[in-house]
Structure formats: structure tokens, C-alpha cells
**Student:** 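I'd like to ask some things about the structure below.
Heads up: numbering here begins at 1 and tracks the sequence. Not measured: the values here are computed from a predicted model. All ligand and atom numbering here is 1-based and tracks the order in the structure.
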Amino acid sequence: MSMSSQNCLSGGSITITRPDDCHLHVRDGDALACVVPHTAARFARAIIMPNLRPPVTTTAQALLYQQRILSAVPPGLAFLPLMTLYLTDDLDADEIKRARDAGVVAVKLYPAGATTNSDAGVTDIRKTYATLEAMQREGMPLLLHGEVTSHAIDVFDREAVFIETQLMPLRQDFPELKMVLEHITTHEAVQYVLACDRWTAATITAHHLLFNRNAIFAGGIRPHYFCLPVLKRETHRQALLSAATCGSRKFFLGTDSAPHAIHLKENNSGCAGCYTAFAAMELYAQAFDAAGAIDKLEAFASFYGADFYGLPHNTGTLTLRRESWRLPDSFPLGQDQLKPLCSGETLAWRVVS
Ligand code: NCD
Ligand code: ZN
């Protein structure tokens, strides 16, 4: 196994530069006190998704939301939430410069109806072209939930169809707009991103590296494995694992950790989203280790995302040790309970400092 100079693996432990989570949902209100400490214990920074109710559509709202998140960071932990705006059909192009000047790092595109809290999302991408032009000019990245919403398209095909019918034409119209295809789940997405130039990158979640769609149906329906884009078949998981561990700068860490109260997951119409923030680095370490590529974890988790966003690398380190431990069954989430993915199961890696 080759070892980079920065990350040292010795005696079953690995020390890496403190990582960034480039795609995270923390919600708002009481939920912040539960989930923000989990992320802040592992990550130096996280890119915070704007799909609140109502969504974060102005710079002023993003800055207030950032303050609420910072208030939930435990004393002694240094954690910086990086804010995003939610793209709507009528997000004003003038808002982009304001956002950029205030340190907002990206704008997120949810096709209307694609996922949790996406009702206010984009109904037709052409309606947003003036805003996308301002983004291209300002160097403001566009983050994409890359799925079509048509019920005529099989739910397992929605990412591949989005790439072909929406993303490819969009890229032609905006050749130098920075784009991140978020939480990719398919071989087609990997191939597309690899073939693109430096303006396109992708995030990959720990759960899409660890599980295929069988996990949703193992011994009965398992709602905690349901997220969007939904887990795909094994060949796609293998393609994602190769992408994450091949050393390409285009793929970086984004957990898409998405907390929902237990009763909303274990429900007649269960919400999409897996809660992974509590053990995020441990889950990624497990996936990379199983692929014989633990030496590739540091760049994926700590360098490539920062580089794409033009951010400095973090100072400080995170050490994980090969040690089994059991994930809690649940956490208090305001008046509710939150079940982490793999709750009650034993993991092979543990963050020790
Ligand atoms: C996310 C959520 O719950 O906010 N859910 C999910 O399944 N990933 C939204 C999203 O990123 O699609
Ligand atoms: Zn997400």
C-alpha cells in the first residue's frame, strides 16, 4: 500500500488533516443541538444545505442561519458552517454578488419535487438562466440534486436520465460554471464526471460507498436505508468506490447526512435521508479500508473539496483507530428521537482524537 507523506497509518490507526463535509443537512431549531456537535467533533467545516422550510433564498437568511448553527457548536470545538442559497425559479441574479461578498459558497439546485423540501425548487432550469449567468461570472458554484422528477421515469434511472437530458445541455450553455453533481449514485455519473473538465466535480456519500439497494430490503423494508437518490445495484456501488479511491481530484466527501425524526422515517410515507454525521468518518474509513485504499482517504476527505471551492486546507488533524465499537440506537432530537444509519451495529474504525 502506498502512503502519502501527510497521512500516516501505523499500528492500526490513521491520522489525517481535519476533513470537510461538502454536503450536509443540519435542519434548524431544536435539531441543531443534537446534530451540529456530531459533525463539529469530526469536521472543521461543512457545506450546509439550504432546504429548510421555508428555504434559505437570501444572503441575509443564510447569515442568520449560520449564526444559529454556530450557537450549537460545543465550546472548545472549532467548526465553520459554509452557507448556500436555494435556487428557485425567481432567485434574483443580483443576489449572487451579495451572496459571494458575504461568503456564501454555493447555490443549490433542487428540481421541484425531487426530494425532501424541494417543493420550492426549480420547475424549469431555463427560468434560472440569468442567475446562472451571474454565478458563472462571479465564480459561484452550482450544486445539483441530479435527478429528473417525472413519474414516467423509473426511480432507479432518474440520475442517469438527468445527466443526459438536463446536465449535458446545461453544461453546453454554461461552459465555465463550477458545478458539483451531489451525492452521485451511478456508474453513469462517475463516467460523466471523469469525462468533464475541471469545472465539474461530484460528492459521494459513505452510505452509497457501503451499501447497495439490497440493504433497503434485507429481511423486511428498512426505512433508515432510504435516501434520494436511492441506493443502486452493486455494480454502481463498485463504480463509486473506484471513483472515490482512484485519486481523482473530482470526487470528494459529502455525507448528505439528513436527519429525520424516527416517526417520520418509520412511517407510511417515510422521509428520504440517512443520518450518518455521528459516525461519518468511521463509515468512510470502513469503505476505503475494505477497498484496500485507506491511504486515499485523506485527500478525498480533506483536500479535494477544499481545492474545488478554493478554500485553504484545514490545520489540525483527526485520528481514527481500528477498534470495534457499537453505534448508539438513537439520540434525542428535540422532543423526538433520531436513529443513525447502522444504529446498534458494530463499526471497525473509531475516531479517537
Ligand atoms: C435530503 C434531506 O432529507 O434533506 N434527503 C436525502 O434523501 N438525501 C435531501 C437531499 O439531499 O436529497
Ligand atoms: Zn442532501
Side-chain angles (χ1 to χ4, degrees), residues 20-29 31-32 34-36 39 43 46-56 65 69 81-87 105-122 141-149 155-156 158-159 162 166 179-186 189 201-211 213 215-216 222-232 240 252-267 269-278 280 283 305 333 336 338-341:
D20 295 317
D21 184 348
C22 291
H23 183 124
L24 178 67
H25 302 266
V26 292
R27 315 304 185 205
D28 207 348
L32 295 176
C34 168
V35 302
V36 171
T39 290
F43 296 93
I47 297 181
I48 307 294
M49 292 301 121
N51 61 332
L52 303 182
R53 272 178 203 277
V56 180
Y65 184 31
I69 298 168
L82 300 168
M83 308 314 291
T84 60
L85 296 188
Y86 185 114
L87 187 63
V105 298
V107 175
K108 178 74 189 280
L109 162 72
Y110 293 97
T115 186
T116 308
N117 297 351
S118 63
D119 322 353
V122 171
L142 176 69
L143 315 184
L144 299 115
H145 183 109
E147 289 191 286
V148 292
T149 55
V155 69
F156 292 98
R158 287 182 191 171
E159 182 175 278
F162 179 88
Q166 309 281 313
M179 293 194 212
V180 183
L181 190 53
E182 297 291 337
H183 39 56
I184 58 169
T185 62
T186 56
T203 54
I204 306 181
T205 77
H207 44 290
H208 288 97
L209 292 175
L210 286 168
F211 303 109
R213 65 192 190 181
I216 310 168
R222 291 171 173 252
H224 295 281
Y225 287 86
F226 173 55
C227 63
L228 287 170
V230 70
L231 294 170
K232 305 296 192 296
L240 296 172
F252 46 83
L253 186 155
T255 61
D256 193 22
S257 176
H260 294 277
I262 289 183
H263 71 277
L264 297 175
K265 293 284 296 170
E266 299 174 5
N267 188 288
S269 176
C271 293
C274 300
Y275 185 64
T276 54
F278 178 72
L283 293 167
L333 181 75
D336 297 311
L338 173 63
K339 219 172 173 47
L341 191 68

**Student:** Quick check: closest heavy atoms across Val35 and Val26, and the distance to 0.1 Å?
**Tutor:** CG2-O, 3.4 Å
**Student:** Would you check if Ile48 and Val56 make a side-chain contact, meaning some heavy-atom pair closer than 4.5 Å?
**Tutor:** no
**Student:** Please report the shortest heavy-atom distance between Gly305 and Cys22, naming the atom on each side.
**Tutor:**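 So the two residues come closest at CA-SG, 3.9 Å.
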**Student:** Side chain, backbone, both or neither: which part of Asn51 has a heavy atom under 4.0 Å from ligand 1?
**Tutor:** side chain
**Student:** Looking just at side-chain N and O atoms, do Thr185 and Lys232 make a donor-acceptor pair shorter than 3.5 Å?
**Tutor:**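 Judged by distance alone, the side chains do pair up.
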**Student:** With respect to Thr115, determine whether any N or O atom, backbone or side chain, lies less than 3.5 Å from an N or O atom of ligand 1.
**Tutor:**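 For ligand 1, there is an N or O atom that lies under 3.5 Å from one belonging to Thr115.
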**Student:** Between Cys227 and ligand 1, does any nitrogen or oxygen pair lie at a separation below 3.5 Å?
**Tutor:**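 Between Cys227 and ligand 1, no N or O pair is found under 3.5 Å apart.
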**Student:** Does Arg27 have a non-hydrogen atom less than 4.0 Å from ligand 1?
**Tutor:** yes
**Student:** Taking non-hydrogen atoms only, is Glu182 closer than 4.0 angstrom to ligand 1 via side chain, backbone, both or neither?
**Tutor:**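 Glu182 to ligand 1: no contact under 4.0 Å from either part.
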**Student:** Among His25, His23, Glu147, whose heavy atom sits nearest atom 1 (C) of ligand 1?
**Tutor:**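 Closest candidate by heavy-atom distance is His25.
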**Student:** Are any of the N or O atoms of Gly273 closer than 3.5 Å to those of ligand 1?
**Tutor:**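 It does: an N or O of Gly273 is found under 3.5 Å from an N or O of ligand 1.
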**Student:** Can you list the atoms of ligand 1 that are under 4.0 Å from a heavy atom of His260?
**Tutor:** 3 (O)
**Student:** Considering only heavy atoms, does Met49 approach ligand 1 within less than 4.0 Å through its side chain, its backbone, both, or neither?
**Tutor:**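 Under 4.0 Å from ligand 1, Met49 contributes no heavy atoms.
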**Student:** Restricting to non-hydrogen atoms, name the atom on Glu159 and the atom on Pro229 that form the minimum distance, rounded to 0.1 Å.
**Tutor:**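 Of all heavy-atom pairs spanning Glu159 and Pro229, the closest is OE1-CG, 3.8 Å.
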**Student:** To check your reading of the site, what angle at the Zn ion (ligand 2) do NE2 of His23 and OD1 of Asp256 form, to 10°?
**Tutor:** 100°
**Student:** Minimum heavy-atom separation for Phe226 to Cys271, with atom names?
**Tutor:**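 What the structure gives for the nearest pair is CD2-O, 3.6 Å.
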**Student:** For the Zn ion (ligand 2), which N, O or S atom of His25 is at the shortest distance?
**Tutor:**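 Minimum-distance N/O/S atom of His25 relative to the Zn ion (ligand 2) is NE2.
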**Student:** Of all the heavy-atom pairs spanning Ser257 and Leu24, show the shortest one and how long it is.
**Tutor:** CB-CD1, 3.7 Å
**Student:** Looking only at protein heavy atoms, identify the closest one to atom 7 (O) of ligand 1 and say how far it is in Å.
**Tutor:**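 Heavy-atom neighbour on the protein nearest atom 7 (O) of ligand 1: Leu228 N, 2.8 Å.
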**Student:** Run through Lys108, His145, His25 and flag the one making a side-chain hydrogen bond (donor to acceptor under 3.5 Å, both in side chains) with Asn51.
**Tutor:** His25
**Student:** Out of curiosity, is Asp256 lining ligand 1, as in a heavy atom under 4.0 Å away?
**Tutor:**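 It does; at least one heavy atom falls under 4.0 Å.
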**Student:** Checking a contact table here: which protein heavy atom is nearest atom 5 (N) of ligand 1, and how many Å away?
**Tutor:**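 Its nearest protein heavy-atom neighbour is Ala272 O, 3.1 Å.
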**Student:** Using a 4.5 Å cut-off on heavy atoms from C-beta on, say whether the side chain of Val230 contacts that of Arg213.
**Tutor:**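 No, every pair of side-chain atoms sits at 4.5 Å or beyond.
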